[in-house]
Undergrad: 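Here it is, the structure in full.
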Amino acid sequence: MWRFIYRFYLFLCLTQGSHLRYQLKVYLAHAQSHIIHAKPVMTSCCVLVRTHVYSKNVSICPLLQRRLRSSPIAPVPNNAGGFCVLGSCHCRHIVQGAEFKCHEKIDMVILLDSSGSVSEEVFGKTKKFARDLVKLFDISKEKTNVAILTYSQYVRVLRRFDDEVSIESVLRAIDRARYEASFSRLDSALENVRYKIFKKEQGARSSSKGVKKVLVDVTDGFSSLGVEFTKKLAGSLKRTGLELFSVGTSDLQYKSEIEVLVSKPSKSHELFRDLRKSYFKKDEIEQFARDICKKE
């Protein structure tokens, strides 16, 4: 089947010219319910085919690889969970999963722990996590807006809700985050969130209906004033309607403190990974974004 499709693409390329556009749905006989949607774009000598597999079942990739090995083109692994193949005339097939994007109305604050209990290397990875997370949201005035804060001995407000609303603005704010390696004044950060960030005059949509209020704390859980202060402040935030999420960044983290920083059910409001050893998997970040995006 793949050999036939491949030759069909080349035939159209040679006979129909560079402006032909068409769509083709291919149903694989041995990939039950796995649908490939191919949209070839013709050029003067080549067919560029962008193909999306609408399935989370990764077993389809080996299946496609086996089929492609019997065709004139050879598979090459890529980082998207699928594979790319190159053939004559520089034709390229790209197989990858459809990326999730949240389009809900959310005011989200992201807190990044830059204290001494978090190494500089791990702090860099928490910034990467924040970047990867916000890219899964529709950043706009009508949908999701994001405020960014870091905390150590002092709290740094890198972005407020009334700043320019764009994904570029959010990413620039994350890039400005600096490692401080001092005390962990999580208490001051939580007070800032309640009394300064989530205010209408600061751009928060506090009185708007249908806007979800979210706090994401990325931390190892070792605050300077201890778990009781954290529990008290987190409780006051929950009572104002904030939904709390927590990202633990180390195996040495103080889990009892992180657990008070999440709303219920805790399983869907927390994420753990020892960033000294490895980074989050793509599907972990996507699932975390889905949990944030979920309607109450």
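All residue numbers refer to positions in the sequence shown, counting from 1.
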Undergrad: If only atom types and distance count, is the side chain of Q202 paired as donor or acceptor with the main-chain N or O of K199 below 3.5 Å?
TA: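 Not confirmed, Q202 side chain does not pair with K199 backbone.
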Undergrad: To the nearest 0.5 Å, tell me how far D217 CG sits from L149 CG.
TA: 10.5 Å
Undergrad: Find the distance between CD1 (I106) and CZ (R205) and round it off to the nearest 0.5 Å.
TA: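 The CZ atom of R205 is 9.0 Å from CD1 of I106, to the nearest 0.5 Å.
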Undergrad: If the threshold is 4.0 Å, N to carboxylate O, is there a salt bridge linking E286 and K282?
TA: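 So E286 does not pair with K282 through a salt bridge.
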Undergrad: Will you find, in the side chains of E164 and S166, an N or O donor that is under 3.5 Å from an N or O acceptor?
TA: yes
Undergrad: For R160 and N145, does a side-chain donor sit closer than 3.5 Å to a side-chain acceptor?
TA: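 There is no such pair between these side chains.
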Undergrad: With a 3.5 Å cut-off and no angle check, do the side chains of S169 and R159 form a donor-acceptor pair?
TA: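 Side chains of S169 and R159: pair found under 3.5 Å.
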Undergrad: When you check the gap from the basic side-chain N to the acidic O, do E180 and R156 get nearer than 4.0 Å?
TA: yes
Undergrad: In terms of hydrophobic clustering (I, L, V, M, F, W, Y; side-chain heavy atoms under 4.5 Å; direct or indirect links), are F123 and L171 co-clustered?
TA: yes
Undergrad: Quick one: do E104 and K143 make a salt bridge, cutoff under 4.0 Å?
TA: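 Salt bridge: no.
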Undergrad: Between D220 and S250, do the side chains contain a donor N or O and an acceptor N or O under 3.5 Å apart?
TA: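 Looking only at side-chain atoms, D220 and S250 do not form any donor-acceptor pair under 3.5 Å.
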Undergrad: Can you find a side-chain donor-acceptor pair between Q287 and D291 that sits under 3.5 Å?
TA: yes
Undergrad: Drop me the distance from E228's CD to D187's CG, to the nearest 0.5 angstrom.
TA: 13.5 Å
Undergrad: Using only heavy-atom distances, determine whether the side chains of D138 and T144 contain a donor-acceptor pair under 3.5 Å.
TA: no
Undergrad: Mind checking the NZ-OH spacing from K125 to Y279? Nearest 0.5 Å is all I need.
TA: 9.5 Å
Undergrad: Would you call F245 and L261 a side-chain contact if the rule is heavy atoms closer than 4.5 Å?
TA: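 Answer no - side chains too far apart.
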Undergrad: Between S188 and V155 (side chain of the first, backbone of the second, donor and acceptor by atom type, cut-off under 3.5 Å), is there such a pair?
TA: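 No: the side chain of S188 does not pair with the backbone of V155.
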Undergrad: Flag the pair D113 / V218 as yes when at least one side-chain heavy-atom distance between them is below 4.5 Å, and no otherwise.
TA: no
Undergrad: So do the side chains of L158 and I174 get within less than 4.5 Å of each other, counting heavy atoms only?
TA: no
Undergrad: Taking side chain as C-beta onward, heavy atoms only, is R176 less than 4.5 Å from K127?
TA: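 No, side chains not in contact.
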Undergrad: Let me confirm one number: the CD-OG distance from Q153 to S115, rounded to the nearest 0.5 Å.
TA: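 Between atom CD of Q153 and atom OG of S115 there are 11.5 Å.
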Undergrad: Is the shortest side-chain N to carboxylate O distance from D175 to R131 below 4.0 Å?
TA: yes
Undergrad: With a cut-off of 6.0 Å (strictly less than), are more than 12 heavy atoms of other residues, nucleotides or ligands near NZ of K105?
TA: no
Undergrad: For the residue pair S278 and R273, confirm or rule out a side-chain donor-acceptor distance under 3.5 Å.
TA: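 The answer is yes; a qualifying pair exists.
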Undergrad: Tell me if the aromatic rings of F161 and F198 count as close, with their centers under 6.0 Å from one another.
TA: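 Yes - the distance between ring centres of F161 and F198 falls below the 6.0 Å cut-off.
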